[in-house]
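Throughout, a chain's letter reflects where its sequence line sits, starting with A, and its residues are numbered from 1.
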Amino acid sequence: MNNKELADTFTLIGNLLEIKGEVIYKILAYRKAAETLVVYPRSVADTYKEGGQKGLKEIPGVGPAIAEKIEELLTTGKLEFLEKLKAEVPESLASLLQVPDLGPKKVKLFYDQLGIQTIEQLKAAAEGGQLAGLPGMGKKSEEKILAGLESMARRSGRTPLGDALPFAEEQMALLRKVSGVKRVEAAGSLRRRRDTVGDLDILVAAEDSEPVMEAFTSQPLVARVLGRGPTKASVEYNNGMRAQVWVHPPAKFGTALQYATGSKDHNVRLREIALARGFSLSEHALTRTDDSGEELHYATEEALYEALGLPWVAPELREDRGEVQAAQQNALPKLLTVKEIHAELHSHTTWSDGKQTVLEMAEAAIVRGRKILAITDHSYSLGIANGLTVERLKQQRADIEAARQQLGDRITLLHGTEMEIRADGTLDFDDDTLAWLDFVIASLHVSMRQPREQATQRLLNAIQNPHVDLIAHPTNRLLPDRAGADLDMDAVFAAALENGTALEINSNPSRLDLEDIYARRAAEMGIPIAINTDAHHESHMDFLEYGVANARRAWLTKDHVLNAWPEKKFLAWLHARGT
DNA sequence: GCCGTTTTCGGCCCGACTGTTTTCAGTCG
């Protein structure tokens, strides 16, 4: 049982307990544990093997009861507690909680009164007008549930950052034009630059909220208004995305922005610090907990953090992964910036499935201030991408030489490859060919359903080849829905460290692979990280901001990142690897 | 159910909005 499956089990327990009507804090505890397990960068099974229940309890949010349940799940694959719970509350009721505006109380009500267990039964009952007559329900509530079912069918959960961010920027630009608006900022997971985003959270600073609400809810792209009060409104757009806007007076904007940015767990830490200093922290103010009840307002986040005795914490770090402790010790990392990247080590041209020539890509890299560009077209077994044979690789060398002549010292062109790691773990090129190339990437694209051991061994074969410099998009996941290869990441990292092989953060917003938690762990171990755009067109080079955002979420500084090393240091590293 | 630089027990998730109410329960973030 892997981390995700364990997490899903505890999420299910939380949901079933909620429908059952269990005290909220017990439910929150299960959910908290599930959240922690999902981002736990090691295999929980390994942690258990090494440290038993005691080891499990070192995981934040895991106490005696949950540790015991993890042990049972890992050793037997089943959980007595959950089986008993399912006998009381049918498992399918949990899926009903995903319907917007349908919570545990109503799910229970519908089940008790009408025996509704599935989405289909719910839809039929709502269409048949059977819900409206129930206690606490009315015509409008029934319509809301029907609308919720429709919108659920339309949208597919979380939106990749690469779709959400440009769309949100457009919406925010419109709000900036509203009279009286002083400031508009994204908040929530969008501002924290998570790889996928739920709803868009937008914060507006203005004294008068009414014009903002009017402008926000009457946009042509709005499909329906989900709610609209004096300071808060939410909408659903035609594309299925949802957004909510809060309006706060400029004098309180810092407190509000901090609150709305989250994460929830980061905010809990800040509240604890506030309490220790005699304040309670809300989205509106720091309020003295003594009799005076004095409220302190902050126009900027910097001022609020300062009032808590902390330096400002970059939004990408606010996940309660040690950033508050680091801030208290003045030990926050000096996070990587886009400007610090001056090499692109993964790009494609018309030689394989890219859309532009070597020269065009080089010019595009120069425009963006890159000093090094590696041309890394696919290798022949990726036939769908017109991968190169050894013979074509040699022809390409001539093309690259010609481009080098033309470009002079404006940029250093490296002739590389993105070599396929085949399904059986063998590589497309022999060692002589690899040694002849300037830069060698290896990656997976096919046979992604292999069992963990086989998939891992495949990757290890590439990492252990002394000519392979970098593993691109190591898991080959695709956002928002395709999980990557099932890999033993501990084994992958150990091998990469031993062989000095770099691992990639692929900046394409559909990939962002390595994901943040793994990139952080790899970098902490001392594995060099490369941040590449995998550009198939010059415009893709602008994906870099997503890769860097992901790197910042992984606490990376320029020292961790190959592309940010001084040119000489990078070339020396490459040379030492005996290319 | 978890957690602890004031507590091994008593906190922790509170405010905005909606709809069915008639003073409040449910949902959401």
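- Atom name C1', nucleotides dT20(B) and dC14(B): the rounded distance is 23 Å, in whole Å.
- Taking the C1' atom of each, dG10(B) and dG15(B) are spaced 23 Å apart, rounded to whole Å.
- A salt bridge (Lys or Arg N to Asp or Glu O under 4.0 Å) with D516(A) is found for one member of R552(A), R521(A), R321(A), R192(A) and no other, namely R321(A).
- The K140(A) side chain lies nearest to dG19(B) when the options are dA16(B), dC13(B), dG19(B).
- For F167(A) and Y237(A), the gap between ring centers is short of 6.0 Å.
- No donor-acceptor contact under 3.5 angstrom links the side chains of S189(A) and R194(A), judged on distance only.
- Within the 4.5 Å cutoff, the side chain of F253(A) has heavy atoms near those of the L203(A) side chain.
- Sorted by first and then second residue, the salt bridge (charged side-chain N to carboxylate O under 4.0 Å, His left out) pairs with a member in residues 250-264 of chain A read E35(A)-K264(A); sequence neighbours excluded.
- Between E71(A) and K69(A) there is no salt bridge, since no side-chain N of the basic residue sits under 4.0 Å from a carboxylate O of the acidic one.
- Proximity of S234(A) to the phosphate of dC17(B): no side-chain N or O atom is located under 4.0 Å from OP1 or OP2.
- Distance K139(A) NZ to dT21(B) P: 14 Å, rounded to the nearest Å.
- Note on R271(A): only backbone sugar-phosphate atoms sit closer than 4.0 angstrom, heavy atoms only; bases stay farther off.
- Side-chain contact between D265(A) and K32(A) is present, with heavy atoms from C-beta onward closer than 4.5 Å.
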Could you run down the sub-3.5 Å N/O contacts of the protein with nucleotides 22-24 of chain B?
none

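- Looking at which nucleotide of DNA chain B each of G227(A) and I24(A) is closest to, the 5′-most match is held by I24(A).
- Pairing of dC2(B), defined by two Watson-Crick or G-U wobble distances under 3.5 Å, is identified with dG11(B).
- In this entry the base of dT22(B) is anti relative to its sugar, with a glycosidic angle more than 90° from 0.
- R191(A) contributes no side-chain N or O that, together with a main-chain N or O of P315(A), makes up a donor-acceptor pair within less than 3.5 Å.
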Contacts under 3.5 angstrom, residues 83-98 of chain A side chains, donor-acceptor by atom type, not counting sequence neighbours:
| unit_1 | atom_1 | unit_2 | atom_2 | d |
| --- | --- | --- | --- | --- |
| K86(A) | NZ | E91(A) | OE1 | 3.4 |
| S92(A) | OG | Q117(A) | O | 2.8 |
| S95(A) | OG | S92(A) | O | 2.7 |

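- Among residues two or more places apart in sequence or in another chain, the side chain to side chain donor-acceptor pair (under 3.5 Å) test is passed with T475(A) by D513(A).
- Checking the phosphate oxygens (OP1, OP2) of dG1(B), no side-chain nitrogen or oxygen of Y25(A) falls inside 4.0 Å.
- Remark: C1' of dA16(B) and CD of E283(A) are 8 Å apart, rounded to the nearest angstrom.
- Heavy atoms of V23(A) sit nowhere under 4.0 angstrom from any nucleic acid atom.
- Between E142(A) atom CD and L134(A) atom CG the span is 8.5 Å, to the nearest 0.5 Å.
- The distance between atom CG of L226(A) and atom C1' of dA16(B), rounded to the nearest whole Å, is 14 Å.
- Nucleotides dT21(B) and dT27(B) are separated by 15 Å at their P atoms, to the nearest Å.
- Rounded to whole Å, the P atom of dT6(B) lies 28 Å from the corresponding atom of dG1(B).
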Can you name the atoms? Protein N/O to nucleotides 26-29 of chain B N/O, anything below 3.5 Å, with the distance.
| unit_1 | atom_1 | unit_2 | atom_2 | d |
| --- | --- | --- | --- | --- |
| dT27(B) | OP1 | G103(A) | N | 2.7 |
| dT27(B) | OP1 | G103(A) | O | 3.1 |
| dT27(B) | OP1 | K106(A) | N | 3.2 |
| dT27(B) | OP2 | K105(A) | N | 3.2 |
| dT27(B) | O5' | G103(A) | N | 3.4 |
| dC28(B) | OP1 | D101(A) | N | 2.5 |
| dG29(B) | OP1 | D199(A) | OD2 | 3.0 |
| dG29(B) | O3' | Q244(A) | NE2 | 3.4 |

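- If you check the side chains of H266(A) and E319(A), you find no donor sitting under 3.5 Å from an acceptor.
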task: Take R183(A) and E185(A) through the test salt bridge (charged side-chain N to carboxylate O under 4.0 Å, His left out) and record every step on the way to the result.
output: CA-CA 7 Å; R183(A) 223 179 135 184; E185(A) 293 286 342; 3.4 Å; yes

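- Using a 4.0 Å heavy-atom cutoff across all strands shown, T231(A) reaches sugar-phosphate atoms only and no base atom.
- Atom-to-atom, CZ of R224(A) to P of dT18(B) comes out at 13 Å; the value is rounded to the nearest Å.
- In this structure, the CG atom of L203(A) is 14 Å from the P atom of dA16(B), given to the nearest Å.
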Strictly under 3.5 Å: I want the nitrogen or oxygen pairs between protein and nucleotides 2-6 of chain B, one per line.
| unit_1 | atom_1 | unit_2 | atom_2 | d |
| --- | --- | --- | --- | --- |
| dC2(B) | OP1 | G63(A) | N | 2.7 |
| dC2(B) | OP1 | G63(A) | O | 3.3 |
| dC2(B) | OP1 | I66(A) | N | 3.1 |
| dC2(B) | OP2 | A65(A) | N | 3.3 |
| dC3(B) | OP1 | G61(A) | N | 2.7 |

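- Comparing the C1' positions of dC2(B) and dT8(B) gives an interatomic distance of 12 Å, to the nearest angstrom.
- Note: CG (L56(A)) to C1' (dG1(B)) measures 15 Å, nearest angstrom.
- Straight-line distance from the NZ atom of K264(A) to the P atom of dG15(B): 17 Å, rounded to whole Å.
- The separation between K144(A) atom NZ and dC17(B) atom P is 13 Å, rounded to whole Å.
- Straight-line distance between the C1' atoms of dC13(B) and dG29(B): roughly 11 Å, to the nearest whole Å.
- Under 3.5 Å, the side chains of T47(A) and Y40(A) contain a donor-acceptor pair of N or O atoms.
- The side chain of H248(A) places no N or O atom within less than 4.0 Å of a non-bridging phosphate oxygen (OP1 or OP2) of dA16(B).
- Nucleotides dC12(B) and dT7(B) place their C1' atoms 13 Å apart, quoted to the nearest Å.
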